[in-house]
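Written out below as structure tokens is the structure these notes cover.
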Amino acid sequence: MLKSMNFNVTFKARGWTEKLAEPTNKHTDRPNKKVITKVSSDFPTYEATSIIAILSAITILNEADKMPDNGGVFTPGAAFGKTSLIEQMNKHNIKFEIISSTVK
């Protein structure tokens, strides 16, 4: 039964193409970018979660120089954005796909 399980999750995000000069600054205009992505795997969700946790830990150990060094709480995208984590997950059959990316 486990062999036949899989999962697909679709994410829809809106944001800005321009970075803020300072983290404390705020955008004054409406978001001008929209991205739809999909994460999927042939593994059951709990097995994929274990793989993601292990690969995240390995990435922290091996690629700490590519992660933010000023402390604080970060989203996974901010923390792992410059690392090879997604590439490693793709190699372990946890696929990340960009379905669409549009700029207004």
Side-chain angles (χ1 to χ4, degrees):
M1 193 195 280
L2 288 177
K3 295 285 184 194
S4 65
M5 293 179 72
N6 60 45
F7 74 90
N8 294 299
V9 180
T10 302
F11 295 94
K12 295 179 182 181
R14 292 180 192 195
W16 294 266
T17 54
E18 304 83 23
K19 288 188 175 185
L20 295 171
E22 295 293 326
T24 55
N25 293 351
K26 294 185 179 184
H27 286 281
T28 56
D29 53 341
R30 298 181 69 122
N32 63 353
K33 186 171 184 176
K34 182 178 169 183
V35 178
I36 300 173
T37 61
K38 182 172 98 170
V39 181
S40 61
S41 179
D42 293 336
F43 297 122
T45 310
Y46 53 86
E47 189 173 336
T49 301
S50 300
I51 293 168
I52 293 168
I54 291 166
L55 291 174
S56 297
I58 291 169
T59 301
I60 291 168
L61 291 172
N62 293 337
E63 300 183 48
D65 60 317
K66 296 178 184 175
M67 300 181 75
D69 62 354
N70 55 353
V73 177
F74 298 99
T75 63
F80 293 101
K82 296 178 182 175
T83 69
S84 66
L85 180 59
I86 289 179
E87 179 183 323
Q88 295 302 318
M89 285 193 251
N90 281 325
K91 288 179 183 177
H92 288 85
N93 202 27
I94 299 171
K95 304 294 181 202
F96 284 74
E97 301 172 68
I98 295 176
I99 304 300
S100 69
S101 178
T102 57
V103 178
K104 289 182 184 179

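Computation of the quantities below employed the complete heavy-atom set of this structure, encompassing side-chain atoms and omitting hydrogens, waters and symmetry-equivalent molecules.
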Return the [atom1] to [atom2] distance between [X] and [Y], rounded to the nearest 0.5 Å.
X   : Y   : atom1 : atom2 : value
I94 : D42 : CD1   : CG    : 10.5 Å
M67 : T59 : CE    : OG1   : 8.0 Å
F11 : K38 : CZ    : NZ    : 12.5 Å
L55 : L85 : CG    : CG    : 6.5 Å
E47 : N6  : CD    : CG    : 12.0 Å
T49 : F43 : OG1   : CZ    : 12.0 Å

Look at the side chain of [X] and the backbone N and O of [Y], then say whether any donor-acceptor pair between them is shorter than 3.5 Å.
X   : Y   : answer
K95 : N90 : yes
T75 : A78 : yes
S41 : N93 : yes
N32 : T17 : yes

In terms of hydrophobic clustering (I, L, V, M, F, W, Y; side-chain heavy atoms under 4.5 Å; direct or indirect links), are I36 and F7 co-clustered?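 No: no chain of side-chain contacts under 4.5 Å links I36 to F7.
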
In terms of hydrophobic clusters joined by side-chain contacts under 4.5 Å, are V9 and F96 together?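 Same cluster: V9 reaches F96 through Ile, Leu, Val, Met, Phe, Trp or Tyr contacts under 4.5 Å.
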
Give a yes or no on whether I98 atom CD1 has more than 12 heavy-atom contacts from other residues, nucleotides or ligands under 6.0 Å away.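 Check fails, neighbour count at 12 or below.
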
Check H27 against E18 and note the closest heavy-atom contact, atom names and distance.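 Minimum heavy-atom contact is CE1-O, 3.2 Å.
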
For A79 and P68, work out which heavy atoms get closest and say how close.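 The answer is O-CD, 3.5 Å.
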
Verdict with reasoning, I51 to M89, per side-chain contact (heavy atoms from CB on, under 4.5 Å): CA-CA 8 Å; I51 293 168; M89 285 193 251; 5.7 Å; no

I would like to know whether E97 and S40 meet side-chain contact (heavy atoms from CB on, under 4.5 Å); could you show each step before the answer? CA-CA 9 Å; E97 301 172 68; S40 61; 4.0 Å; yes

